[in-house]
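Basis for what follows: all heavy atoms, side chains included, without hydrogens, waters or symmetry-related copies.
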Amino acid sequence: MKTQVAIIGAGPSGLLLGQLLHKQGIENIIIERVSADYVLGRIRAGVIEQGFSDLMKEAGISARMEAEGEIHSAVEIAVNGEVHSIDLEGLTGGETVTVYGQTEITHDLMDARIASGQQTFYSIDNTELHDIDGEKPYVTFEKDGKTERIDCDYIAGCDGFHGVSRQSIPKDKITEYEKVYPFGWLGLLADTPPVNFELIYIKHERGFALCSKRSSTRSRYYLQVPLDEKVEDWSDDRFWEELKHRLPESVVSQLVTGPSLEKSIAPLRSFVAEPMQYGRLFLVGDAAHIVPPTGAKGLNLAASDVSTLYRILTKVFSEGRTDLIEKYSEICLRRVWNGVRFSWWMTNMLHTFDHSEIEDKIRNSELGFFLSHANRRQILAEQYVGLPYEPIE
Ligand code: APR
Ligand code: PHB
């Protein structure tokens, strides 16, 4: 097979890139290790920055998000039982976020993929990248026991943290930065009306909690738990009881409990690989960086990478602007490090850990400092709604 861009991975990064390239008349093939249903079964975050929703519009896949997504003009932070509202819209001059699940976005992207007629291979094995530092890179993989080969001009590594793309770059050409946090998040999804319209990030002496949602009838809650906690030890009842302990008194009476649809524990990590391009391979999204979920930035950083890459590739194919290729990494990384810093800051400030009283006092003071004046809340709001995308030139 031959194509212009071979895309490894059909998560949100790969599918969105494929759609945007297709709209520019750039042919691409996506290969994905697991089945489409498996990809759709993963429960992930659901807060969409303005820049990402604009990109979805540009990609022509925003209709359902505009109809079913919820616009949120504020976010709430509770500390010591007191709830503070951050007026995102007022503090940023009109910007908001959209609450719309990653699963739904992936669904919309998969529908668009089928309509585009571009090729996608699911449930493949043994992805290998070849000659990425040469003029004629190619990708091989196995499908139904048969080895296939894709010859291409460029490869987009959209295959997540555990993917093969990043590993294909020689070790001495890439630097990895990593921090693993000493706690995890236990998440629960339920078909119950959310406890509050706005999301609430809760700092509590028993540990952080987050009240989120997928719609007016589906809730998503998280609890900070020790890293060695096992999901089997958390019955639904135990989860709801613990959540009640951590909820501010003013909202606890609104909590509606019910059977969980999904429950899982995720570790928290900050990770960046630099640079994000090597030869004709570009790393996109989780393949290059991971952030803890506290700032809701993971998916949004993936979207800004995609925006940068598709604009560069469009100029490469239409105007021969190969000089832009080496700008990809530096443009992405400036925004990535901002997202990494914000997520790390939010994580440190809102969680209870280290069993150190003085550290906790300092964290409480910092939170109080940032919540107590509009000009300080603005710093939080600007980053929560998302920094602007950088132009490619
Ligand atoms: N060959 C082909 N596909 C692969 C391979 C491989 N060797 N390895 C992994 N994949 C696939 C995975 O199965 C997965 O579907 O690549 C996809 C990567 O998708 P995600 O992990 O969702 O990463 P990405 O598309 O960058 O999504 C952005 O930001 O913080 C997160 O929740 C957020 O998942 C979201 C991500
Ligand atoms: C979620 O809804 O899953 C979610 C929302 C906000 C976050 C993290 C996760 O910061």
Side-chain angles (χ1 to χ4, degrees), residues 38 40-47 75-84 99 101-103 180-270 290-296 298 343 346-357 359-360 363-364 367:
Y38 190 93
L40 286 171
R42 297 185 185 123
I43 309 292
R44 298 272 176 86
V47 177
V75 64
E76 294 179 1
I77 296 183
V79 52
N80 294 330
E82 200 184 326
V83 183
H84 302 259
V99 172
Q102 178 174 324
T103 312
V180 177
Y181 296 81
F183 42 79
W185 277 19
L186 168 64
L188 178 146
L189 186 73
D191 271 335
T192 54
V195 68
N196 194 47
F197 178 78
E198 301 298 359
L199 271 61
I200 321 177
Y201 291 77
I202 301 164
K203 174 151 182 18
H204 193 278
E205 60 191 14
R206 295 176 72 100
F208 169 82
L210 171 62
C211 305
S212 183
K213 51 167 35 177
R214 292 290 173 271
S215 67
S216 59
T217 56
R218 184 167 285 190
S219 307
R220 179 72 166 159
Y221 297 106
Y222 296 95
L223 295 174
Q224 175 190 346
V225 292
L227 260 187
D228 54 2
E229 206 73 15
K230 297 208 169 25
V231 72
E232 306 81 72
D233 294 335
W234 283 85
S235 65
D236 289 358
D237 284 347
R238 182 177 173 205
F239 185 98
W240 294 119
E241 276 312 306
E242 185 58 35
L243 181 63
K244 279 182 201 163
H245 281 302
R246 301 188 193 184
L247 285 179
E249 224 171 282
S250 55
V251 296
V252 72
S253 62
Q254 311 297 315
L255 181 69
V256 182
T257 63
S260 63
L261 300 170
E262 190 260 3
K263 231 173 1 205
S264 53
I265 295 181
L268 270 68
R269 182 198 307 273
S270 298
I290 297 285
V291 289
T294 325
S343 310
M346 290 280 279
T347 303
N348 281 323
M349 203 162 49
L350 290 167
H351 289 74
T352 304
F353 58 106
D354 279 353
H355 306 291
S356 156
E357 280 183 48
E359 298 276 345
D360 215 51
R363 281 192 281 271
N364 274 329
L367 200 46

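- The two residues Thr217 and Pro194 come nearest to each other via the heavy atoms N-CD, 4.2 Å.
- When every heavy atom of Ile265 is checked against every heavy atom of Val231, the shortest pair comes out as CD1-N, 3.7 Å.
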Inset, instruction - Report the C-alpha distance between Leu261 and Arg218 in whole Å, list the side-chain angles of each, state the deciding distance to 0.1 Å, and finish with yes or no for side-chain contact (heavy atoms from CB on, under 4.5 Å). - result: CA-CA 10 Å; Leu261 300 170; Arg218 184 167 285 190; 3.6 Å; yes

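- By the 4.5 Å heavy-atom criterion applied to side chains, Cys211 and Ile202 are counted as neighbours.
- Counting heavy atoms from C-beta outward, Thr294 and Tyr222 have side chains that stay 4.5 Å or more apart.
- Note that OH of Tyr221 and CG of Leu186 are 14.0 Å apart. Values are rounded to the nearest 0.5 Å.
- When the side chain to side chain donor-acceptor pair (under 3.5 Å) test is applied to Glu198, the partners found at least two apart in sequence or on another chain are His72.
- Formation of a donor-acceptor pair under 3.5 Å by the Arg42 side chain with backbone atoms of Gln102 is not found in this model.
- Of all non-hydrogen atoms in Val291 and Ser343, the two that sit nearest each other are CB-OG, 3.6 Å.
- Using a distance-only test at 3.5 Å, with no hydrogens or angles considered, no donor-acceptor pair links the side chain of Glu249 to the main chain of Gly81.
- Within the 3.5 Å criterion, the main-chain N or O of Met346 finds no donor-acceptor partner in the side chain of Tyr201.
- Note that the NE2 atom of His351 and the CE atom of Met349 stand 11.5 Å from one another [nearest 0.5 Å].
- Expressed to the nearest 0.5 Å, how far CD of Glu76 lies from NE2 of His84 amounts to 10.5 Å.
- Side chains of Asp236 and Thr257 form no contact here, defined as non-hydrogen atoms less than 4.5 Å apart.
- The number of heavy atoms from other shown groups lying within 6.0 Å of OH (Tyr38) does not exceed 12.
- Taking CH2 of Trp240 as the start and CG of Leu247 as the end, the distance is 9.5 Å to the nearest 0.5 Å.
- Here the side chains of Lys213 and Phe197 are in contact, with some heavy-atom distance below 4.5 Å.
- Rounding to the nearest 0.5 Å gives a distance of 12.0 Å between CG of Leu367 and CG of Asn348.
- With contacts defined as side-chain heavy-atom distances shorter than 4.5 Å, the pair Phe239/Ser260 does not qualify.
- Minimum interatomic distance between Arg363 and Phe353 (heavy atoms only, all atoms of both residues): NH2-O, 3.0 Å.
- Salt-bridge check for Arg238 with Asp233: failed, with every basic side-chain N at 4.0 Å or more from each acidic carboxylate O.
- Under a 4.0 Å N-O distance rule, the pair Glu262/Arg220 qualifies as a salt bridge.
- In this structure, CD1 on Ile200 lies 11.0 Å from CD1 on Ile77, to the nearest 0.5 angstrom.
- In this structure, Pro248 and Ala78 approach most closely via the heavy-atom pair CG-CB, 3.7 Å.
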Inset, instruction - Would you check, one step at a time, whether the test salt bridge (charged side-chain N to carboxylate O under 4.0 Å, His left out) holds for Asp360 with Lys203? - result: CA-CA 10 Å; Asp360 215 51; Lys203 174 151 182 18; 3.3 Å; yes

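- Contact of the Pro193 side chain with the Ser216 side chain is not registered, since no non-hydrogen atoms from C-beta on lie closer than 4.5 Å.
- With a 4.5 Å cut-off on side-chain heavy atoms, Ile43 and Ser264 do not count as touching.
- Checked against Glu242 for a side chain to side chain donor-acceptor pair (under 3.5 Å), the options His245, Arg246, Lys244 give a single hit: Arg246.
- Taking both residues in full, the closest heavy atoms of Pro182 and Leu227 are given as C-CG, 3.9 Å, listed atom of the first, atom of the second, then distance.
- Each of Val225, Leu350, Thr352 was compared with Phe208 under the side-chain contact (heavy atoms from CB on, under 4.5 Å) criterion, and only Leu350 meets it.
- For the pair Trp185/Leu210, a side-chain contact is recorded, criterion being any heavy-atom separation below 4.5 Å from C-beta on.
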